[in-house]
There are 2 protein chains.
Amino acid sequence: MRLVIARCQVDYAGRLTAHLPMAKRLILVKSDGSVSIHADDRAYKPLNWMSPPCTLVELPAPAPQDDAVPGSEQLSALWEVRGRDGDTLQISLGEVFHDSSHELGVDPGLQKDGVEAHLQALLAEHPETFGSGWTLVRREHLTPIGPVDLLCRDAAGAYVAVEVKRRGDIDGVEQLTRYLELLRRDPLLGTVHGVFAAQQIKPQARTLALDRGISCVTVDYDVLRGMDNADERLF
Amino acid sequence: MRLVIARCQVDYAGRLTAHLPMAKRLILVKSDGSVSIHADDRAYKPLNWMSPPCTLVELPAPAPQDDAVPGSEQLSALWEVRGRDGDTLQISLGEVFHDSSHELGVDPGLQKDGVEAHLQALLAEHPETFGSGWTLVRREHLTPIGPVDLLCRDAAGAYVAVEVKRRGDIDGVEQLTRYLELLRRDPLLGTVHGVFAAQQIKPQARTLALDRGISCVTVDYDVLRGMDNADERLF
DNA sequence: ACATGTATGTCGTGG
DNA sequence: CCACGACGTACATGT
């Protein structure tokens, strides 16, 4: 990983074109080949970047011109980064304040807990959350337009498609609606109900769901995890 | 902006919980208060971060314990970053390889060109892209659930709602569908057609659109820009 | 503050 | 490789 603090001017041409006027910034070159240009704000997002795979060519600085515009800055280097899709990042470096390289090695990586996958797993283990006598048929049940998070059967044996979200938004309802439309074309399944399950469901999403005959269930992640723990203690 | 290269161990608790085992990484502290922890890969995305507003408290390193686990690392500092929503980032620093601070000043900012807004503007100036005799009624035509990108009339005078996207995805079709449903309730408008315009339209989005009677138009940004330039040259 | 729509979104995963 | 869905999505904008 190489850290450069320098005045620089940047031009990106790719999916869009973007220009950064000359200013003092951080240029971060990672060993994966990526290059990113950071200002002292915008949180972790760089002003400009190039994702790997890409190649960085470091050109010598052009010699100072006799007819240089007065006040124009002497450049110290010109970097050209070229991406896979032909997009380019041109970095003109002026004064360099810092330049260091560091060997970091391979990172052991991030361990996450509490994302949708985990919520789905907990609900798959506890379909009774939706109603007494409910059973799980399959997780990630495939349809031609994508996987239904959970396919269950209610106490009466009718199929129910469950869409699991951390945040229940209108998009999730649309998604479930599309799945239901397809599932209902399958005569083998018979009647298929819909359940929209999320930790929080926005009012508009709830309204849309109910209008379409889809049930809404807000689930408490901590309670579910508690059930999980209780189960473990029993065995 | 402060750059620290150090061995560190990180724990995040917030919308999810995440853990990073001890390893050598870059810790980036910006003057906007943000903190981000970078490995030497994952392009510009940090492994962990805290967005502003947040507060960083730097605690003194705990004194070495006599009964320390053999092989456990002596810590040099303990950082605790606390975000607005009560989420926390705990950073335990081990050996520090580099630590420098730099004044960057306020960045003049990024100038972009070629995003959806520009594409929409170009299409607004050239509604004949959709068909001979087409005219623009209004950009950003307001409906109760949001603005329609372009409201046009075709050669026959019928209204057409146009949704503009850079990348034509299924979401855009859903969005246009909702707008059309609302517009068609307005008896003053009469028949309202739909056009889905994008630089690229994914097959599934196209299928869904056509199934709903929505026309698809792929637009060439460079050609449009060329028309724009040609106009400028004429004046 | 809330809702909506964009993003050079990025990043996994599964066919 | 493509398509799809999740993401601590973040971010700007209009109400």
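Just so it is clear, the structure is predicted and the values come from calculations on it, not from any experiment. Reckoned from all heavy atoms, side chains included, excluding hydrogens, waters and symmetry mates. Throughout, a chain's letter reflects where its sequence line sits, starting with A, and its residues are numbered from 1.
Atom CD of Gln111(A) has more than 12 heavy atoms from other residues, nucleotides or ligands within 6.0 Å. Atom CZ of Arg212(A) is surrounded by more than 12 heavy atoms from other residues, nucleotides or ligands within 6.0 Å.
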Check the pair Lys30(B), Asp41(A) against salt bridge (Lys or Arg N to Asp or Glu O under 4.0 Å), reporting the backbone distance first and the verdict last. CA-CA 6 Å; Lys30(B) 288 191 177 184; Asp41(A) 58 356; 5.6 Å; no
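At a threshold of 4.5 Å between non-hydrogen side-chain atoms, the residues Tyr12(A) and Leu110(B) do not count as touching. Contact of the Leu150(B) side chain with the Pro127(B) side chain is not registered, since no non-hydrogen atoms from C-beta on lie closer than 4.5 Å. In this structure the side chain of Lys202(B) never reaches within 4.5 angstrom of the side chain of Ile170(B), judged on heavy atoms.
Within residues 169-184 of chain A, the residues having any heavy atom under 4.0 Å from DNA chain D are, by residue number, Gln175(A), Tyr179(A). Scanning residues 79-87 of chain A for heavy-atom distances under 4.0 Å to DNA chain D yields an empty list.
Formation of a donor-acceptor pair under 3.5 Å by the Asp186(B) side chain with backbone atoms of Leu188(B) is found in this model. A donor-acceptor distance shorter than 3.5 angstrom exists from the side chain of Asp40(A) to the backbone of Met1(B), with no hydrogens or angles considered. The backbone N or O of Val192(B) lies less than 3.5 Å from a partner atom in the side chain of Arg184(B), making a donor-acceptor pair. A donor-acceptor pair is defined here as one N or O able to donate and one able to accept, closer than 3.5 Å; such a pair exists between the side chain of Asp149(B) and the backbone of Val164(B).
Contact annotation: Gln120(B) does not reach the phosphate of dT6(C) (side-chain N/O to OP1 or OP2, under 4.0 Å). Using a 4.0 Å cut-off, no side-chain N or O of Lys202(B) falls inside it from OP1 or OP2 of dC2(D).
Rounded to whole Å, atom C1' of dT6(C) lies 16 Å from atom CG of Asp113(B). Distance, Trp49(A) CH2 to dC11(C) P: 10 Å, rounded to whole Å. Going from atom CG of Leu47(B) over to atom C1' of dT10(C) covers 14 Å, rounded to whole Å. Between the CG atom of Leu119(B) and the P atom of dG5(C) there is a distance of 18 Å, given to the nearest Å.
Salt-bridge check for Arg185(B) with Glu181(B): passed, with a basic side-chain N closer than 4.0 Å to an acidic carboxylate O.
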How is the base pairing of DNA chain C summarised as a dot-bracket string, given the Watson-Crick and G-U wobble criteria with both distances under 3.5 Å, [ ] for crossing and | for another strand? |||||||.|||||||
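Where Lys45(A) and Gly146(A) meet DNA chain D, the nucleotide closest to each residue was compared, and Gly146(A) sits on the side nearer the 5' end. In this structure, Ser51(A) and Lys165(B) both approach DNA chain C, and ranking their closest nucleotides by distance from the 5' end singles out Lys165(B).
Picking from dG8(D), dC11(D), dT8(C) the nucleotide with the shortest atom distance to the side chain of Val115(B) gives dT8(C). Comparing atom distances between the Asp149(B) side chain and each of dA10(D), dT6(C), dA3(C) picks out dT6(C) as nearest. Closest to the Arg15(B) side chain, of the nucleotides dT10(C), dG5(D), dG8(D), is dG8(D). Considering only the side chain of Arg42(B), dC11(C) comes nearest among dC11(C), dG8(D), dA6(D). Of the candidates dT6(C), dG8(D), dG15(C), the closest approach to any side-chain atom of Leu142(A) belongs to dG15(C). Listed nucleotides dG5(D), dT10(C), dG8(D) differ in distance to Pro147(A); the shortest reach to its side chain belongs to dG5(D).
Comparing dT4(C) with dT8(C), their P atoms sit 22 Å apart, to the nearest whole Å. For the P atoms, the distance from dG8(D) to dT6(C) is 22 Å, rounded to whole Å.
Among the protein residues, Tyr12(A) comes within range of the nucleic acid bases, having at least one heavy atom under 4.0 Å from a base atom. Glu140(B) comes within contact range of no nucleotide atom at all, as no heavy-atom separation falls under 4.0 Å.
Here Tyr44(A) and His38(B) keep their ring centres 6.0 angstrom or further from each other.
Across every non-hydrogen atom of Gly109(A) and Leu20(B), the tightest pair is O-CD2, 3.6 Å.
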